[in-house]
Amino acid sequence: MHISVKKAGLFTTLQDLGRTGWRQAGIPVSGAMDPFALRTANLLVGNEEGEAALEMTMTGPTLEMEANLLIAICGADLQPRINGQPVKNWRPVYVRKGAVLSFAGSVKGCRAYLAVAGGFAVQPVLGSKATYTRAGIGGFCGRALEIGDRLAIGTMSKSALRRLSQLARRAGNRAYAEGEWYVGPGFLPPYRANPTVRVTRGGQFSWFSERGKENFFTEAFQISAQSDRMGYRLTGPEISLCHPRELLSEAVTPGTVQVPADGQPIILMADCQTTGGYPKIAEVITADLPVLAQMKPGEKVRFAEVSVNEAQRQYRKQEKKLALLKKRLALL
Amino acid sequence: MNENQLVLRPMGDSAIVAELGQKMDQETHFRVKALAAALKKNPFRGMTGYVPAFTTLTVFYDPLSFSFTEMSRRLQSLAEDIGTGEELQPKVVEIPVCYGGEFGPDLPFVAEYNKLSPEEVIRIHASGEYLVYMIGFAPGFPYLGGMSERIAAPRKPSPRVKVPAGSVGIAGKQTGIYSLDSPGGWQLIGRTPLSLFRVDRNPPGLLEMGDIVRFRPISRAEYERWEAGGNHAYQR
């Protein structure tokens, strides 16, 4: 069973929940920018939630199904089409052999995830299928997809086979059929354009000037065009230090907001390096990383401070939602 | 405040930073190393990673398993028993380097800048013992301490677009080895045929924090033999 790539799209990579446990060797975690969408997509097709899925950016690829497959698309609305007919996100979809999945481009959000029942059969590297293109490791040949690639699909779980045959019956002689149940909007992270994301204070918060701190929490910052899986460069009012000061390099992580000498913050994202030497003004809370992952260059972000306890409460709340989804899907 | 007192601070909702000193020095380094060794020996459920650095050790954890307060308590008690870390025997890694020529295009600049001959720069660089203070910046990239200031040189005014992996360079008072092909502004004085980072090796990095590095000059012919030999990790 394979999926073949007819058009690669802007930047399409295999991602999972990341290469954890190797930070001490300088290896970035990588993995999905929006782990909530990836996990949900996998659960919808009966996979383990951490299975690899395609992370598709802005335009999305064109893919031909070489077998009857069960898929789910979650995250950004890139206007998915099967043989030209619109299909919806956040639900399981049966796709018949020979059907072509394409995308008309983003109307909402930046990154969509395509999970396929059975998962993508690639060799894990250091315990993960996530692609880290800078080192050329993981995913499909360590790189973004290219035209002509053929992705092997793994073995489906029993529940996936059951869901697939139900939907196949419904499809009849049509090329696809959508599941009638879906993950409702109330269940999702607060995705929206120009969001306010919650942050805790960074390790060097006190190094910043009163003016810098005030600007950070009251002004909007634009995501610049030089933004990718490694980090978002922001432009906005200057965030200055009280006085110039050198930081000895220490750990950083996705969500870290660091401020180089030019006073323009950078939010580190999934492919960020493991250590950094710029002062850190804030850390975006884990529960809000999916919201950030769906921002496009040109959008504006604001920051609101919460305590570490509150950040952890939000984290547990999000985990509870996913656990609930898992439980409900198991009953189907 | 006792200089050796442990300071703990959160880094977001899933990490805690242990500050073990204020300065980049060997004493602090050994304490970081000792705490890292303790974590490696006794990993606990809910710990998702750790990053030793110059003066800090950051532990990543799952907030479903621990609150920040619980993590603080755990690290505090772990840190009480670590000792000075000086008793931990470092691994000594010899790194063969083909200096100058095509591999070290900036060797003449470093020599001229320090009013030395290229041979003297090589001799000084290869006679030092270097401590791997930390790994970071890129997979397997070592931050090395201990270079003689007699061969210090400023970075290039504009970085090269692509520096090949294995390139040995100097930037200010630091020397380093590129672990991946990447852009870079260091003055390049040579190249090693060894891979600093290979995913088919465990651990994937040739070097770990706390290791001692020595450079050994090799000829171009030796460099090519190393490469032909499969570029295997070499240590003793």
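Numbers restart at 1 for each chain; the letters A, B, ... are given by sequence-line order, proteins then strands. Quick caveat: nothing in here was measured; it's all calculated off a predicted structure.
Cation-pi geometry between A/R23 and B/Y50 is not met at under 6.0 angstrom from the ring centre and within 45 degrees of the axis.
The OG atom of B/S67 lies 7.0 Å from the CZ atom of A/R316; values are rounded to the nearest 0.5 Å. The CG atom of A/L248 sits 10.5 Å away from atom CD of B/E19, with the distance rounded to the nearest 0.5 Å. Atom CZ of residue A/R134 and atom OG of residue B/S182 lie 10.5 Å apart, to the nearest 0.5 angstrom. Within the model, atoms CD1 of B/I135 and OG1 of A/T275 stand 9.5 Å from one another, a figure rounded to the nearest 0.5 Å. Atoms CD and OG1, from A/Q24 and B/T58 in turn, are 12.5 Å apart once rounded to the nearest 0.5 Å.
The shortest distance between side-chain heavy atoms of B/P139 and A/W22 does not fall below 4.5 Å. At least one side-chain heavy atom of B/P204 sits under 4.5 Å from a side-chain heavy atom of A/L126.
Note on B/R9 versus A/E250: salt bridge recorded, some NZ/NE/NH1/NH2 to OD/OE distance being below 4.0 Å.
Listed options B/F68, B/Y133, B/F137 were ranked by heavy-atom pairs under 4.5 angstrom with chain A; first place goes to B/F137. Interface summary for chain B: among A/G138, A/S249, A/S307, the most heavy-atom pairs under 4.5 angstrom belong to A/S249.
Interface remark: A/V199 contributes no atoms to any contact with chain B (heavy atom separation under 4.5 Å). With a 4.5 angstrom heavy-atom cutoff, A/Q318 does not touch chain B via any of its atoms.
The main-chain N or O of B/T48 is never found under 3.5 Å from a side-chain atom of A/T20 such that the two would form a donor-acceptor pair. A distance-only check finds no donor-acceptor pair linking the side chain of B/D13 to the backbone of A/I285 [under 3.5 Å].
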